[in-house]
Amino acid sequence: MRTQIYRPTPVNLHRMACALRRGDLVGVPSETVYGLAADALNPDACAKIFTAKERPANDPLIIHVHQIAQAKQLAFWNQAAARLADKYWPGPLTLVLPKREIVPNIVTAGLDSVALRMPQHPVFRALLETANLPLAAPSANPFGYISPTTSDHVKTSLKNRIAYILEGGACRIGLESTIVDLRSPAHPQILRPGAITLRDIQAMLTGTSAVHSQDPGEGPALSPGLLKRHYSPNTAIELAEEISSAQVTSNQVFVFYQRIPPRFKTAKFTYVLTPDGTGLSAANRLFALLRKLDAQGLDKIHLQLAPSSEPLAEALNDRMRRAAAR
Ligand code: TXA
Ligand code: MG
């Protein structure tokens, strides 16, 4: 199978929609990360996602919808979902709700809940509309590796495993969506931090019990795919709040969050994650930088965590910790 990137022209969107209706896979851009899409109501098509990614069958997929009405056909909607969707859809927010019969078990890995998102990227939206199907799509990376934020990342890591990738430019956010468990709407829980923060969610769900994030060490994972090690390059990563005591040796690089401390100015391999200091530019550069550095055969990547004053720190540091876990 030869992997090809297609520009999102009307003709190509139609071609991709036909591919999806036939049960084939399409790499799609989103505002978070690139996804690997299949017809969510076709179990055989969804099975191809697991094969292409080498993803374990116990890790459920997110279904992407074009309209709220479509979401209501797949899940039992509730007031909390209505509030959050009204504010944040289309956008980087995934809602976990009790599933309806129509959703195939392969999508939810046998769970009685389903994860739903209405993406914002215009190309993804155009594809959802043209195909007129709900689309199951995990991030378009081999299982456990760094999520893709450009079409080239998808092509490089899923080469010859898929035929079609839709071009949509670099992802605006660059981190996967925030996942909120709303199965019991009075007790919402954040399963994965993202660009929509705990505070944002809390502000929309006043009157419910305090929304909180699941502690990674706490009980059985509510989200089976949230492994301690994930988004990981092959190169070892050492995390630090301040990179200070590290030895400057030749085959290591230093990635500072915003500024290079004076004593590192002479070190050869230094990078800055967010030159303008915004969490958003840190987010949309993190995965691309890790991929680039991972291709260099380094001994170690020293990576500085985001400061806790940064609103996106929870999401950024979550991804950095998982990338560094062994
Ligand atoms: O931004 C995103 O969410 C991207 C784009 C493509 O939409 N997608 C994405 O999908 O990150 P994926 O498969 O890489 O991550 C989905 C996460 C997994 O950790 C999975 O376990 C969790 O969502 N998940 C899916 N269905 C679930 C459910 N019913 N209950 C709890 N967690 C669920
Ligand atoms: Mg993923």
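Read the numbers this way: they start at 1 and go in the same order the structure lists the ligands and their atoms.
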Show me which atoms of ligand 1 lie under 4.0 Å from any heavy atom of [X].
X: S139; value: 8 (N), 9 (C), 10 (O), 12 (P), 14 (O)
X: S113; value: 28 (C), 29 (N), 30 (N)
X: G35; value: 6 (C)
X: L111; value: 28 (C), 29 (N), 30 (N)
X: S177; value: 1 (O), 2 (C), 3 (O)
X: L191; value: 31 (C)
X: L61; value: 25 (C), 26 (N)

TODO: Could you tell me whether ligand 1 has any atom less than 4.0 Å away from a heavy atom of T108?
DONE: no
How does [X] reach ligand 1, by side chain, by backbone, by both or by neither, if only non-hydrogen atoms under 4.0 Å count?
X: K99; answer: neither
X: E31; answer: neither
X: I179; answer: side chain

Ligand 1 and [X], any nitrogen or oxygen pair closer than 3.5 angstrom?
X: K53; answer: no
X: E176; answer: no
X: R117; answer: yes

Open item on the list: Heavy-atom count check: over 12 atoms from other residues, nucleotides or ligands less than 6.0 Å from R199 CZ?
Closed with: no
Which option, [options], owns the non-hydrogen atom nearest [atom]?
atom: atom 8 (N) of ligand 1; options: A137, S30, A37, A109; result: A137
atom: atom 20 (C) of ligand 1; options: T178, D59, L36, L97; result: D59
atom: atom 5 (C) of ligand 1; options: T32, L93, V28; result: T32

Side-chain donor/acceptor of [X] to backbone N/O of [Y], under 3.5 Å:
X: D294; Y: N234; answer: yes
X: D39; Y: G23; answer: no
X: K53; Y: N141; answer: yes
X: N284; Y: G174; answer: no
X: H153; Y: A288; answer: no

TODO: May I ask you to check whether Y271 and F254 place their ring centers less than 6.0 Å from one another?
DONE: no
Open item on the list: Among E176, Q120, R117, which residue satisfies the side chain to side chain donor-acceptor pair (under 3.5 Å) criterion with T32?
Closed with: R117
- [ ] Measure from the Mg ion (ligand 2) to each N, O or S atom of S139 and report whether any distance is below 2.8 Å.
- [x] yes
Open item on the list: Which Ile, Leu, Val, Met, Phe, Trp or Tyr residues join L127 in one cluster when any pair of side-chain heavy atoms under 4.5 Å counts as a link?
Closed with: Y6, L13, M16, L20, V26, V28, V123, F124, L128, L133, L135, Y164, L166
TODO: Would you please classify the geometry between the W77 ring and the W89 ring as parallel, tilted or perpendicular, with 30° and 60° separating the classes?
DONE: tilted
Task: Closest contact, heavy atoms only, F143 versus E54 - done: CB-O, 3.3 Å
